[in-house]
Structures are given as C-alpha cells and as structure tokens.
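Below is one structure, written out as structure tokens; comments come after it.
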Amino acid sequence: MKPNKLPEGFYGRANVVEVAKDLIGKVLVTTQNEGTTSGIIVETEAYSQSEKGCHAYKGKTARNAVMFENGGVSYVYLCYGLHHMFNVVTNQNGIANAVLIRALEPLKGGDLMQQRSKTVSLSRITSGPGKLCKAMGIDKQLNTSSLMGDQVWIEDQGIHIPKGNIIASPRIGIDYAGQDALLPWRFYLKDNGWVSRT
DNA sequence: TACGTGATCACG
DNA sequence: GTGATCACGTAA
C-alpha cells in the first residue's frame, strides 16, 4: 500500500499551533538500512519565532537556520549533549515555526526500536522526545531532510481523533521563557499511556 | 532531586 | 579561545 504522505500544504499553513494540533493521530515513519519503524503521534508542542521558548527568538543562527525554510522539512538537534529532538518545520520561507514531536505510540518495527534503545521492554520506549528519536533512529543526519522524501515522513492513516480528546497544556522544560512558558501550545491525546511524563 | 553530556552561541 | 546554557532521561 502506497503511503499517504502529508503534502507540503499541510506544513505550509501560517498557524503553527493548528499544525501541532492536527499532527496528533498522524503517523511518523522512518526508513533506514536496518528497516522501517513507525508510530502514532500522541504529543506535540508548537514553537514560533515571536516567543521566548523558541530557538529562533533571537534571530537566525547556524543551528536554527532550517526553521526559517518552507514548511515540510525536519529540524533535528542535540540537547543536553545526549538527546536528539525531532521537529517539523512549518509556515513559509523566512518565518521560523516548528512543531516538536514529543511522544509516539509504536505501530511497526517494535523489535528494531528495542534494539536501538538497548532495552528489553517495549514499555514507554517512545514516550518522550529524546527516547522516541533513539527508538526511531533519528539523529542529526536527518536534520534538514524533506518530509516528502523516503527517509522520514509523516502520513495520514485515517485514524480518527475526536476533537475533545486533544488536550492543550503549557509546554514542558522551557521555564526560562518566562510568561511565554505559560502558552497552551502543548497538545496530547487524552488517556493515552504513551504521553510523556508531566 | 541530582547530574551526565557535548554542541552551540555570545562574548572577547 | 572560553564559559554558560540547555525544548531530557535515569537513577534514587
């Protein structure tokens, strides 16, 4: 079955918060030599140039340059020296918006995820932005990759999420952003066991 | 609650 | 060059 990849237009929209919300229930897929892994997106966060939580708040740098590109590419970086974070860039060229993927519910490639994560149990293996990158095999090599390509992409598998089951809350781990840390730009699926710790 | 870990960025 | 900082995860 041909994958139903989300088109550029999905990412190109002007409202990054809308995109973050719409990504809940979509499926993130990576394909590498070792095989394919995929999982349902159950938690996201929106980031925009105009607020202090965003890496691009102070302008363009070598690291965040990709956030200024047209929507539909990946932004991957290393945090705390050991954890990779996977974001999708949204909006149009020149405007820095991105959505951080924070948690997945595994669909395919569970064995491979376990191998990569060096853990025996599948339990909670993708319930956090650092952990899911490890399980999916995402690292800086995939930074700036097109999501219309065949290494990493997001597809619509027709999973229906009732609007009422998407909960908005403040974002995690950005206390330094002051007031902007209070923006309700984190979205997650109600009662889903894979959502990251609060 | 504490801390590992290394890229990144703003200073000189 | 150098030093502070960090969109986390684990152990305890």
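Side chains are part of it too, since the values below use all heavy atoms of this structure and drop only hydrogens, waters and symmetry mates. Below, read A as the first sequence line, B as the second, and so on, with proteins coming before strands; counting in each chain starts at 1.
Of the residues in residues 98-113 of chain A, none lies under 4.0 Å from DNA chain B by heavy-atom distance. Listed by residue number, the members of residues 73-87 of chain A with any heavy atom below 4.0 angstrom from DNA chain C are Y77(A), Y80(A), H83(A), M85(A), N87(A). Across residues 21-30 of chain A, not one residue has a non-hydrogen atom less than 4.0 Å from an atom of DNA chain C. For the segment residues 173-182 of chain A, residues with any heavy atom less than 4.0 angstrom from an atom of DNA chain C are, sorted by number, G173(A), I174(A), Y176(A). Residues from residues 54-69 of chain A lying near DNA chain B, meaning a heavy-atom separation below 4.0 Å, are T61(A), A62(A), R63(A) in numerical order. Listed by residue number, there are no residues of residues 123-137 of chain A with a heavy-atom contact under 4.0 Å to DNA chain B.
Between G59(A) and F68(A), the shortest heavy-atom contact is C-CZ, 4.1 Å. Of all the heavy atoms in D156(A) and I159(A), the pair that sits closest is OD1-N, 4.3 Å. In plain terms, the two heavy atoms of A177(A) and G53(A) that are nearest each other are CB-N, 3.6 Å. The two residues S48(A) and C54(A) make their nearest non-hydrogen contact at O-CB, 3.2 Å. Minimum interatomic distance between E45(A) and A20(A) (heavy atoms only, all atoms of both residues): C-CB, 4.5 Å. For the residue pair V16(A) and A46(A), the shortest heavy atom distance occurs at O-CB, 4.0 Å.
Residues satisfying the side-chain contact (heavy atoms from CB on, under 4.5 Å) test with A103(A), not counting sequence neighbours, are V42(A), E43(A). By the salt bridge (charged side-chain N to carboxylate O under 4.0 Å, His left out) test, R124(A) pairs with no residue at all, sequence neighbours left out.
The shortest side-chain heavy-atom distance between V17(A) and F187(A) falls under the 4.5 Å cut-off. Between Y47(A) and R171(A), some side-chain heavy-atom pair lies under the 4.5 Å cut-off. Y188(A) places none of its side-chain heavy atoms less than 4.5 Å from the side chain of S196(A).
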Listing, residues 77-95 of chain A side-chain donor-acceptor contacts under 3.5 Å, not counting sequence neighbours, or none:
unit_1, atom_1, unit_2, atom_2, d
N87(A), ND2, Y75(A), O, 3.2
N91(A), ND2, A14(A), O, 3.0
Q92(A), NE2, G12(A), O, 2.7

List the atom pairs, donor and acceptor, that lie under 3.5 Å between side-chain atoms in residues 27-34 of chain A and the rest of the protein, sequence neighbours left out.
unit_1, atom_1, unit_2, atom_2, d
T30(A), OG1, T37(A), OG1, 2.7
T30(A), OG1, M136(A), O, 2.9
T31(A), OG1, T36(A), OG1, 3.4
Q32(A), NE2, G137(A), O, 3.0
E34(A), OE1, R116(A), NH2, 3.3

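Atom NZ of residue K140(A) and atom CZ of residue R63(A) lie 9.5 Å apart, to the nearest 0.5 angstrom.
A donor-acceptor contact shorter than 3.5 Å links the side chain of N64(A) to the backbone of T61(A). A side-chain donor-acceptor contact under 3.5 Å links S74(A) to the backbone of S145(A). Side-chain atoms of S117(A) do not come within 3.5 Å of backbone N or O of T119(A) as any donor-acceptor pair.
Within 6.0 Å of CG on D150(A) lie no more than 12 heavy atoms contributed by other residues, nucleotides or ligands. Counting non-hydrogen atoms of other residues, nucleotides and ligands closer than 6.0 Å to CD of Q141(A) gives a total of 12 or fewer.
A cation-pi arrangement is found for R13(A) relative to F10(A), the charged atom lying closer than 6.0 Å to the ring centre and inside a 45° cone about the ring normal.
Linking ILVMFWY side-chain heavy atoms closer than 4.5 Å, directly or via other members, places L132(A) and L189(A) in a single hydrophobic cluster.
Of all nucleotides in DNA chain C, those with any atom nearer than 4.0 Å to a heavy atom of chain A start and finish, going 5' to 3', at dC6(C) to dT10(C).
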Pairing annotation in dot-bracket form, given for DNA chain B with Watson-Crick or G-U pairs under 3.5 Å and | for cross-strand partners: ||||.||||||.

